[in-house]
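So you know, we letter chains A, B, ... as the sequences are listed, proteins then strands, and number each from 1.
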Amino acid sequence: MNFAFSEEQDEFRELLRRFVEERWPVAETRRLAETDAGFDRAVWKQMADELGLQGLAVSEAHGGQGFGMLELGIALEELGRQLAGGPFLASAVLSNFALSNGATPEEHAEFLPGIAAGTSISAWADAPGLAVDNGRASGRVAWCIDAHNADLLLLTTRGGLIALDPGADGVSIVAAKATDLTRKYAHIELAGAPVRKLGVGLDPDAAAVKTRHQAVIAVAAEQVGAAAHCFDQAVAYVKERLQFGRPVGGFQAVKHRAADAYAVVELARSAAYWSWWVAANDGAELGEAAHVVKSIASEAARTAAYENIHLHGGYGFTWEHDAHLYYRRAAANEVFQGDPVAHRAALAVELGVLVAG
Amino acid sequence: MNFAFSEEQDEFRELLRRFVEERWPVAETRRLAETDAGFDRAVWKQMADELGLQGLAVSEAHGGQGFGMLELGIALEELGRQLAGGPFLASAVLSNFALSNGATPEEHAEFLPGIAAGTSISAWADAPGLAVDNGRASGRVAWCIDAHNADLLLLTTRGGLIALDPGADGVSIVAAKATDLTRKYAHIELAGAPVRKLGVGLDPDAAAVKTRHQAVIAVAAEQVGAAAHCFDQAVAYVKERLQFGRPVGGFQAVKHRAADAYAVVELARSAAYWSWWVAANDGAELGEAAHVVKSIASEAARTAAYENIHLHGGYGFTWEHDAHLYYRRAAANEVFQGDPVAHRAALAVELGVLVAG
Amino acid sequence: MDFEDTPDEAAFRAEVAGFLDRNLPEGGVRYHDMGTMEEKARRQREWQLILHEHGWSVPTWSAEWGGRALTPAKNVIWRQECDRVGVGEGVLNGGLSMLGPTLIAHGSQEQKERLLEPTARGEILWAQLFSEPGSGSDLASLATRAVRDGDDWIVNGQKVWSSFANVADMGFLLVRTDARKPKHQGITYLLIDLHQPGVEVRPLIEMTGGNHFNEVFFSDARVPVANQVGAEGAGWGIARTTLMYERSSIGSFSVLGHFERLRDLIRERGVPVDAVTADELARLYVRARSLDLLNKRVLTKVSQGQVPGAEGSVMKNEISDVMLAAADIGIRLLGEDALAPGHAYEHDFLFAPSMHLGGGTEEIMKNLVAEQVLGLPREPDAFKGKPFDEVPRS
Amino acid sequence: MDFEDTPDEAAFRAEVAGFLDRNLPEGGVRYHDMGTMEEKARRQREWQLILHEHGWSVPTWSAEWGGRALTPAKNVIWRQECDRVGVGEGVLNGGLSMLGPTLIAHGSQEQKERLLEPTARGEILWAQLFSEPGSGSDLASLATRAVRDGDDWIVNGQKVWSSFANVADMGFLLVRTDARKPKHQGITYLLIDLHQPGVEVRPLIEMTGGNHFNEVFFSDARVPVANQVGAEGAGWGIARTTLMYERSSIGSFSVLGHFERLRDLIRERGVPVDAVTADELARLYVRARSLDLLNKRVLTKVSQGQVPGAEGSVMKNEISDVMLAAADIGIRLLGEDALAPGHAYEHDFLFAPSMHLGGGTEEIMKNLVAEQVLGLPREPDAFKGKPFDEVPRS
């Protein structure tokens with residue numbers, strides 16, 4: 001038993017943390033929130049050229065680095081600390097999962113190299129409500145992360161994975177403002193849009209389930225990074241801020257709030273690292289890991305974001321302070337691919353203490 | 001709007017508090033826990049002769065004082081502070097409710113005078129599982145408060161209220177030890193026992209529902225008294241107990257625990273007093289009041305009992321300290337006539353936010 | 001015990017309701033419906049004049065100063081009826097419920113005669129100027145200083161969390177006039193004209209994206225000594241009066257409304273609620289209902305002439321928790337639609353974290369309950385009695 | 001990262017398992033199955049001799065004193081395998097996991113030679129004698145005093161919360177030998193023979209109705225100076241070593257077992273669980289699973305030679321919360337049957353409140369995390385550096 005990252009993994013984390021703090025700190029995320037795209041193409045290119053980040057979990061055969069969920073988890077956790085990355089989640093993570101699970105080797109060879117190089121951006125959504133018939137799709141996907149930035153749209157429908165050209169007739173993609181200011185969302189309307197069915201011959205349900213579980217585990221990695229950042233910021237502040245002649249962090253009520261937040265952040269981190277290991281090893285516990293980590297990481301992200309506001313006093317409630325950006329993101333991540341209550345219900349069924357229904 | 005007791009009611013409370021503290025303090029409850037009966041006939045008689053307590057809520061026509069739920073609430077709250085009263089709940093409260101709602105005026109005249117005078121003890125239970133046929137009942141009532149002390153057994157069956165002679169053939173009543181040491185319980189087994197059907201001509205369902213709601217409100221009154229006692233005891237202790245050269249009640253974490261407990265006790269008290277008023281006025285909100293008060297009073301009783309143990313440190317965890325008696329009673333009251341989760345589900349249905357089922 | 005109106009109360013309620021129904025202007029005066037802060041101020045002033053003409057502008061003030069000296073019970077009815085038609089004190093709150101009562105208690109005869117009537121008429125709009133960036137929970141550590149120059153005080157420093165200062169005419173201001181005294185003893189209470197050079201009001205944008213509070217900067221701003229309330233150095237005691245009135249003006253709230261809005265949302269959406277969420281809704285209702293009842297108990301006490309005590313601190317914390325829980329359930333009910341800006345719970349969700357900050361943090365409130373209601377010891381203070389300027393500040 | 005055994009670990013696990021399976025006596029040595037405290041002591045001593053013969057009596061001690069100097073990782077495997085067959089240190093815990101390591105670190109050569117081997121063999125059974133009625137969270141304020149009389153210390157005072165003192169032969173005891181020094185400096189660490197006049201052990205009945213702890217009274221009890229560990233007045237530092245070993249011996253626990261017992265109960269009863277309770281069960285599982293994983297992270301750190309730090313305090317609080325929640329769900333599942341004494345959750349329900357008391361209260365644990373892990377300031381102490389006898393006590 002060894003619950004530690006390798007030296008290489010630790011070095012990768014360090015490297016990445018420096019990169020994100022320099023090129024895409026939360027101040028930059030805040031600036032980009034005002035733009036439609038939500039990312040800077042120059043930095044996106046640096047991510048690809050200097051770090052090969054977009055190809056981190058793409059096989060070497062397709063121009064990637066061939067790493068797995070452990071490295072991807074580290075990347076998402078570090079990006080999560082600064083709410084950075086733009087379409088990294090949509091393209092290099094979610095679309096990569098959808099294709100890896102739901103497309104054929106030929107299709108991998110067609111799509112993954114562009115994603116890995118960062119030259120093509122892809123977006124993915126779960127779209128069980130779409131009507132797909134005769135190579136045409138109609139219907140609505142209310143919220144799709146970064147769809148308006150995408151060169152390729154991937155949708156998981158009831159019949160399997162489909163690919164769309166965002167520029168095709170019958171496809172309307174509208175960038176949507178969201179309560180979460182730090183991630184970009186779009187509404188998609190399809191009216192008889194031409195689609196291409198992927199992964200013919202594969203089991204579409206197995207692919208969809210696996211993609212969903214992996215997606216949850218990926219977002220939880222981000223939640224843990226964001227939670228840790230909020231927690232660190234709050235603790236640093238209460239050490240400095242004086243009231244009644246002493247640091248507010250010396251008052252027992254504040255100390256205990258910090259200790260409670262520390263506990264939930266460390267619990268979530270532990271569950272997250274394990275979930276990456278399960279995903280990296282294609283373990284049978286993938287579903288359980290997704291349910292567990294979604295529940296605890298959501299709690300950690302929301303708790304730490306709230307405590308960061310609270311422990312900063314009135315200052316934490318201002319627009320100017322970054323605390324609210326994390327609080328907003330926490331809410332958005334919480335409802336992504338099933339809220340914690342839904343995941344706990346699924347977990348209870350899996351554990352045999354609740355009858356499915 | 002006037003959320004205050006009358007001067008007479010305040011005086012009654014004072015009188016009763018003195019009586020209970022002198023004649024039936026928790027030390028006496030502890031001594032009686034070792035006995036089968038769980039009460040002292042001499043004190044029982046004093047309750048009747050000096051205070052007319054058993055007849056508090058029985059009409060004057062039947063030898064009672066003719067008061068209502070407000071006075072009964074005060075009595076139960078004060079008895080609850082010392083976990084005192086023995087069969088008062090079973091006889092003067094629950095059986096009185098069952099008869100008042102489910103029996104005819106002639107039957108009132110037959111049974112209530114004995115109960116009011118304290119010369120006859122009655123016990124009541126909800127027994128929807130009993131088979132009653134041709135004047136004979138069979139089946140099991142797993143837990144009935146003070147049944148082994150009773151001269152008269154009242155059972156709410158699916159067909160209405162029935163009365164049994166505990167000494168009749170086919171009736172077996174066995175005193176049962178319980179985790180709650182301070183109240184006496186018994187198991188009842190009926191094998192073709194002769195029963196008398198009461199309240200012929202009345203609506204048995206309406207009577208049963210009303211009796212259950214009133215029963216919950218009565219027990220909640222006791223819960224509030226017990227909670228208040230635990231809370232008072234804990235606060236008194238942390239003022240005295242020194243560690244690190246100062247009262248532990250001066251440490252912020254302890255202060256905030258006390259403030260939190262105070263809040264829930266006062267919320268429960270507020271809900272309880274209102275529920276008595278609703279019951280006293282036969283208000284349409286009886287069901288809602290029962291659900292609300294069961295939820296908040298259970299929380300208050302359990303929280304205060306736990307905090308009393310915790311704030312006494314190791315000493316609170318000893319057998320010798322009374323704290324555990326309250327903690328045990330809190331658990332027992334919590335499951336009486338539906339636990340808080342069940343009451344909240346019923347409330348959610350009543351409020352129109354949950355579909356019954 | 002009786003939860004219904006007495007005949008006298010019922011008559012009063014009818015009188016108030018009748019007055020409001022007859023006089024409320026077309027379109028009402030709902031705070032949230034009135035557009036910009038300037039527009040709110042304009043329309044509230046118009047309405048206040050109507051109230052004033054009919055003797056309802058300051059119903060809790062004494063008759064001597066134009067009020068009706070309402071009993072607490074009747075004040076509750078007054079506020080309930082106002083709530084019913086969506087009328088609140090809004091931008092006038094500082095003058096009507098904080099400064100006015102403070103002046104009546106501590107002002108000079110000249111100050112009362114000069115200021116109370118224009119305040120009651122809504123002519124002078126007031127802002128509270130107490131908090132500072134470095135003085136939050138430890139309000140008495142405030143550092144904005146005033147130095148005497150002839151018949152004027154000259155003020156320098158910064159205030160923050162000042163509601164409505166961007167539309168206010170005057171402010172009630174705490175300044176430090178002696179930094180060599182212990183912190184509570186060197187504070188003076190001034191009334192400052194905000195329309196003067198040397199006063200700059202900067203609206204503060206909150207995390208909701210809205211603006212409710214302001215920062216106020218003073219550079220050699222002037223206050224005539226005639227606008228000093230009470231003695232030099234006696235400001236802290238007077239501020240406590242203001243704070244007491246501020247807290248009791250929060251007393252009237254509709255905590256059950258938080259449940260009702262959720263129920264409306266469920267009905268609107270027509271999506272069945274799962275059992276776990278239903279349990280949380282029921283929990284919320286139980287808490288809110290009990291809190292509403294606790295509030296009624298406290299009001300009864302006040303009506304009977306008892307001092308309310310720190311129960312108000314319990315209520316502030318509890319209502320904050322109810323609001324946090326309601327916002328949480330609200331966004332859960334919305335599911336993915338909670339991403340849409342301006343959704344039914346966006347404002348509440350973003351506003352909720354301020355509930356345990358404004359008007360005293362959760363921690364300060366619990367300290368108050370523990371110390372003032374339960375009699376537990378105060379935190380030891382290593383700087384007790386030390387001069388203000390010898391206590392470390394951030 | 002790898003959650004499976006390395007080949008070396010797997011081989012070790014197989015070795016341990018083989019040893020246990022071959023040598024475990026008929027009927028096992030499960031603590032809860034062994035009847036009275038005396039019976040437990042007798043059977044555990046027999047088993048300890050078997051362990052000793054095969055070199056497994058003190059596997060974490062150094063080879064010099066009969067141990068195997070197991071790495072933390074292997075110690076975890078050792079304990080997991082022992083757990084599997086229901087073997088624990090039980091009444092031997094004080095000697096094997098507290099006093100032994102403390103003596104190895106701080107004892108004289110003579111003390112080690114005289115005491116370690118009989119301790120390892122289970123011949124000397126030890127009790128901890130630290131806490132006092134007046135010294136709980138503030139352990140260093142202990143008042144049991146010892147006065148020098150020739151080559152003996154004469155001890156007077158009272159200890160409490162002493163596990164197994166009613167069957168123990170000796171105790172490791174903290175006494176005050178100088179009340180004029182600040183509290184941490186006047187404490188001496190002694191080893192006392194409990195079988196002597198002047199020592200009275202009174203079993204304490206806990207709220208569960210069971211007996212685990214004892215009160216121990218000293219009236220002119222004697223301890224030869226040869227049984228003083230470390231220097232006079234140096235006892236506090238040595239006690240900290242003992243406490244560190246005590247805490248780390250709590251490290252191995254099966255927190256997921258709390259969920260599994262509930263699942264078994266549900267299966268046994270065959271009553272379907274409602275959605276609200278299922279959510280709570282899932283919450284419990286999530287917490288327990290995450291806690292189990294956090295424990296593994298800490299063990300990995302320890303295995304890599306890092307100092308564990310106060311993460312253990314987090315774990316103690318979290319496992320307490322898990323147990324409280326499990327007991328609560330347990331009695332809920334039982335419904336009315338939770339009234340029956342001896343039901344599946346009676347013991348847990350009654351025992352749970354002690355979890356946040358024993359081994360450091362919840363508050364002390366959170367202080368430790370805040371101060372030692374997060375670097376937040378300590379509580380100001382008005383009595384710092386003051387002589388012990390000038391500090392108020394209750």
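- Between the B:Lys255 side chain and the C:Pro377 main chain, a donor and an acceptor come within less than 3.5 Å of each other.
- There is no contact between B:Asp232 and chain C, counting heavy-atom distances below 4.5 Å.
- Contacts with chain B were tallied for C:Arg378, C:Arg287, C:Glu318; C:Arg287 has the most, counting heavy-atom pairs under 4.5 Å.
- Rounding to the nearest 0.5 Å gives a distance of 4.5 Å between CZ of B:Arg344 and CG of C:Asp279.
- The part of C:Leu281 that comes within reach of chain B is its side chain, from C-beta onward, which places non-hydrogen atoms under 4.5 angstrom from that chain.
- Taken from CG in B:Asn281 to CG in C:Asp2, the straight-line distance is 7.0 Å, to the nearest 0.5 Å.
- The closest side-chain heavy-atom distance from B:His256 to C:Asn367 is below 4.5 Å.
- Taking each heavy atom of B:Tyr273 and C:Met1 in turn, the nearest pair found is O-SD, 3.7 Å.
- Within the 3.5 Å criterion, the main-chain N or O of B:Gly352 finds no donor-acceptor partner in the side chain of C:Arg263.
- None of C:Lys296, C:Arg297, C:Arg289 except one satisfies the side-chain contact (heavy atoms from CB on, under 4.5 Å) rule with B:Trp274; the exception is C:Arg289.
- For B:Leu347, the part lying under 4.5 angstrom from a heavy atom of chain C is the side chain only.
- Heavy-atom pairs under 4.5 Å with chain B peak, among C:Lys366, C:Glu362, C:Glu379, C:Met365, at C:Lys366.
- Using a 4.5 Å cut-off between heavy atoms, C:Glu363 touches chain B through backbone and side chain atoms alike.
- Within the 4.5 angstrom heavy-atom criterion, no atom of B:Phe251 approaches chain C.
- Using a 4.5 Å cut-off between heavy atoms, C:Val314 touches chain B through its side chain atoms alone.
- Contact of the B:Asn2 side chain with the C:Thr6 side chain is not registered, since no non-hydrogen atoms from C-beta on lie closer than 4.5 Å.
- Of all heavy-atom pairs spanning C:Ala275 and B:Leu354, the tightest one is CA-CD1, 4.4 Å.
- Per-residue heavy-atom pair counts under 4.5 Å with chain C were compared for B:Val292, B:Leu351, B:Val341, and the maximum is reached by B:Leu351.
- Annotation for C:Arg240: atom CZ does not count as buried by contact number, only 12 or fewer foreign heavy atoms lying within 6.0 Å.
- Within the 4.5 Å cutoff, the side chain of C:Leu299 has no heavy atoms near those of the B:Phe3 side chain.
- Considering all non-hydrogen atoms of both residues, B:Ala259 and C:Leu374 come closest at N-CD1, 4.2 Å.
- One distance of note links OG of B:Ser270 with CG of C:Leu293; it measures 6.5 Å at 0.5 Å rounding.
- In the model, C:Tyr285 has a side-chain atom that pairs as donor or acceptor with a side-chain atom of B:Glu288 under 3.5 Å.
- Using a 4.0 Å cut-off between charged side-chain N and carboxylate O, B:Glu299 and C:Arg283 make no salt bridge.
- Judged purely by atom type and a 3.5 angstrom limit, C:Glu9 uses its side chain to pair as donor or acceptor with the backbone of B:Met1.
- Here the side chains of B:Lys239 and C:Leu376 are in contact, with some heavy-atom distance below 4.5 Å.
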